[in-house]
Amino acid sequence: MNNTHPIGVFDSGVGGFTVVRAIRNALPLETLRYLGDTARVPYGTKSPDVVRRYAINCSRFLVDLGAKILVIACNTASAYAVDAVREHFALPVVGVIEPGARLAAATTQNGRIGVIGTEGTIRSASYQRALSRLAPKAAVHALACPLFVPLAEEGMVDHPATRMIAEEYLEPLLAQGIDTLVLGCTHYPLLAPLLGEIVGDNVTIIDSAIAVADAVRAALHGAGLAATARSDQDLYYATDVSERVLRVGSVFLGDGLDKVELIDL
Ligand code: DGL
């Protein structure tokens, strides 16, 4: 393994492109290999054992491509499978929960933190556990917002219906007086402007993608694996490549997505 090898990133679908975007901005010399398990998305409603099995499949594919580090760019897979992936593969593994929780713990002033995510992520209590370690005095209010994933995928990021749903979802968290809101799902950063309008200036929104990019940088430096020059172009893979995957994927990536290679796990 040497520093010219790529960073392997996977998600249940195209939401992980929000993490790819943050890593590309923070670490422009690194080469990325991204796998979206678009044939099996969503993970957020699936049982823990199934999500773990899928996460191992995705990791195996990226390890076989020569990944020097694995980034689980999916909150649900991070919640259920980060330990299993670490046990299976002898390379650094970065999930999205720990970096996001760390940033939230450092941000809150009043110790009231809201976390929103898929049903799986919230049910796993992974953010709640991480925050009770990182900010033991904080009160954590966690809430599943299952409609946000399809709304983001439909591009309804500033639609009145999305606003109504978001107001309904967030009302109980705001009633608890939170000053920090963790976007515990890779799809939610697309909704951040709308959510920001609803929660107002007194609540800081935590987009864990940026915290993840910092964690990847630290892990690469710690392992002596940081690239010193760009060695290759980024490549994208998916288990289903439809017009929708390309269209929605380019919205999440914030850039043209001209080629995604279809693979079978
Ligand atoms: N990528 C998932 C997450 O961050 C959201 C989509 C899904 O349910 O698979 O939890």
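Start at 1 and go down the list; that is how both ligands and their atoms are numbered.
Atoms of ligand 1 lying under 4.0 Å from at least one heavy atom of Val41, given by number and element, are 9 (O). Atoms of ligand 1 found under 4.0 Å from any heavy atom of Ser12 (numbered from 1 in listed order, with element): 1 (N), 2 (C), 6 (C), 7 (C), 9 (O).
More than 12 non-hydrogen atoms from other residues, nucleotides or ligands lie less than 6.0 angstrom from CG of Asp64.
Looking at ligand 1, you won't find any N or O of Thr45 less than 3.5 Å from one of its N or O atoms. Polar contact check, His187 against ligand 1: no nitrogen or oxygen pair lies under 3.5 Å apart.
Side chain of Tyr127 to backbone of Gly100: no donor-acceptor contact under 3.5 angstrom is found.
Between Tyr80 and Tyr43, the distance from one ring center to the other does not fall under 6.0 angstrom. For Tyr34 and Phe10, the distance between ring centers is not under 6.0 angstrom.
Looking at heavy atoms from C-beta onward, Ile7 lies in side-chain contact with Lys68 at the 4.5 angstrom threshold.
Rounding to the nearest 0.5 angstrom, the gap separating the CG atom in Leu35 from the CG atom in Leu265 is 5.5 Å.
When heavy-atom distances to ligand 1 are checked against a 4.0 Å cut-off, Thr118 comes that close only through its side chain, counted from C-beta outward. When heavy-atom distances to ligand 1 are checked against a 4.0 Å cut-off, Asp11 comes that close only through its side chain, counted from C-beta outward.
For Arg24, the salt bridge (Lys or Arg N to Asp or Glu O under 4.0 Å) test picks out Asp234, Asp255, with sequence neighbours left out.
Closest to atom 2 (C) of ligand 1, if we only count protein heavy atoms, is Cys74 SG, 3.5 Å. Looking from atom 10 (O) of ligand 1 to the surrounding protein, the closest heavy atom is Thr76 OG1, 2.7 Å.
Distances from atom 8 (O) of ligand 1 to the heavy atoms of Gly120, Gly44, Cys185 put Gly44 nearest.
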